[in-house]
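Reminder, nothing fancy here: chain letters follow the sequence lines and each chain counts from 1. This is a predicted model, so every value here is computed, not measured.
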Amino acid sequence: MQKHLFTYLLHLADNALVLGQRNAEWTGHGPVLEQDIAITNISLDLIGQARHFYQYAAKGFNQMAAEEKTAADQLLPRIWKSYGRELEEDDLAMLRDEHQYRNLLITELPKGDWAFSILRQYFFSVFQFYQYEALQCSTDPDIAAIAEKSIKETAYHVRWSAEWVIRLGDGTNESHQRIRQALSELWMFTGEFFEASPFETSLASTGTGADPAAIKQKWMDAVSVVFSEAGLDIPVAPALQSGGKKGIHTEYMGYLLAEMQFLQRTYPNAQW
Amino acid sequence: MNGQDQYRQEIHSMEKQKIMELLYEVKDPEVPVLSILDLGIVREVKVYTEEDQQKVEISITPTYSGCPAMDVISMDIRLKLIEKGYRHVVIRQQLSPAWTTDWMTEEGKNKLRSYGIAPPNPKQQFCITEMFQEELVNCPRCNSTHTNLISQFGSTACKAMYKCLDCTETFDYFKCH
């Protein structure tokens, strides 16, 4: 496994894990019980998808030649290096530092109010849906299999979140106000979806990965349809916030990891 | 093929039959009326001899990526086989082709219904991103079609929540997938 592929798998896994962790914060706090259960079920799907990518990344790493392992060194959890055993999925999720995460910034933003979480989920799920659609045809059979499995789950996420965007946008004055507010805060982070990083460009050229720039038009078309139903306008402001794919994160990321990783860092290798 | 090989192959196919019967006793921990064979997650059972030891390899496919029942199911399969003396058991996870509710057996669907869970509709109907689709789901208690979706996600990832407007019971619907 090449370093680019290893990085790409971490990127795909990190997106799913970090958003899964954020959504899980709704456990016990959803506006109504049924929707509390819905968004945490989405968490479960996302964390399951992340596991498949981490498992594949760990397996690929363990089979790398020595010089390839050295090339991937910057992405490896420091604490794991002292364990003296093969790399495992949990090491990648629970022991990497903030700058080693490759997730999109939009996934790590605090959950905000219901409108914010819904709109973020919708933006992300539509992107992820088209990304998996492309990855089903990946020349890498493991990636293709994970994408084929995951897209079925993501189809439900798209449908559920789109319906909620419309419900809030076309609902009461307050719900409309709230989702407009969420839109003004979230829009600037949507550009990062389509901005290809060097590892994505390299893998897209070999047919292993998906070219994110090629997803932009489909994403825009899908969002426009839902927005017109919801009575929302696509903002004209540029969407310039990025950095996650390079490991440069928002101030919120460290807190998220501190909470998520606490147990494995305090009680190394704990199982429960 | 010489006589010994043929003999061995017959033993293997008899063993495979026995293992299938044992797998029928392994239940989905979340829906204990369904065996894992009803659910359609067992993709392959291989029995072979290696270094004079009989080995068993079972491939299963997850229903949902994050379904916590999968780890329990793997463990239950292993325990069931060890209990019956199969010592060398490998359980493999296979992702592709991805599991679909179309693989659920008719017997499984009937069991679900009598357990109070509406069985999945055929997949082609509703596994799409189209919004606000009204899916026709029969109430598993009174068989009425006069039902309403309460939530697309229910008590587990594989179920949605419905309410019957005739008998007023709420019930789970095993989503098509």
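- Under the 30°/60° scheme for interplanar angles, the aromatic rings of B/His177 and A/Tyr156 are found to lie parallel.
- Note that SG of B/Cys67 and CD of A/Glu153 are 10.0 Å apart. Values are rounded to the nearest 0.5 Å.
- Annotation for A/Glu259: atom CD does not count as buried by contact number, only 12 or fewer foreign heavy atoms lying within 6.0 Å.
- For chain A, the nearby part of B/Thr156 is the backbone; its heavy atoms alone come within less than 4.5 Å.
- Residues A/Lys149 and B/Trp99 form a side-chain contact, since some pair of their non-hydrogen atoms from C-beta on lies under 4.5 Å apart.
- For B/Thr63, the part sitting under 4.5 Å from any heavy atom of chain A is the backbone (N, CA, C, O) and nothing else.
- In this structure, B/Asp102 does not pair ionically with A/Lys152, as no charged nitrogen and carboxylate oxygen lie closer than 4.0 Å.
- Of the N and O atoms on the side chains of A/Gln49 and B/Ser65, not one donor lies less than 3.5 Å from an acceptor on the other residue.
- For the atom pair CG (B/Leu95) and NE2 (A/His52), the distance works out to 4.5 Å, reported to the nearest 0.5 Å.
- When heavy atoms are compared at a cutoff of 4.5 Å, B/Gln94 does not approach chain A at all.
- Between A/Ile37 and B/Phe153, the closest heavy-atom pair is CG2-O, 4.0 Å.
- With 3.5 Å as the limit, one finds a donor-acceptor pair spanning the side chains of A/Glu163 and B/Gln152.
- The backbone N or O of B/Ser96 sits nowhere less than 3.5 Å from a side-chain atom of A/Glu148 that would complete a donor-acceptor pair.
- In this structure, A/Lys216 places its NZ atom where only 12 or fewer heavy-atom neighbours from other residues, nucleotides or ligands lie under 6.0 Å away.
- At least one donor-acceptor pair closer than 3.5 Å links the side chain of A/Asn41 to the backbone N or O of B/Gly154.
- The closest side-chain heavy-atom distance from A/Leu44 to B/Tyr64 is not below 4.5 Å.
- Using a 4.5 Å cut-off between heavy atoms, B/Pro97 contacts chain A through both its backbone and its side chain.
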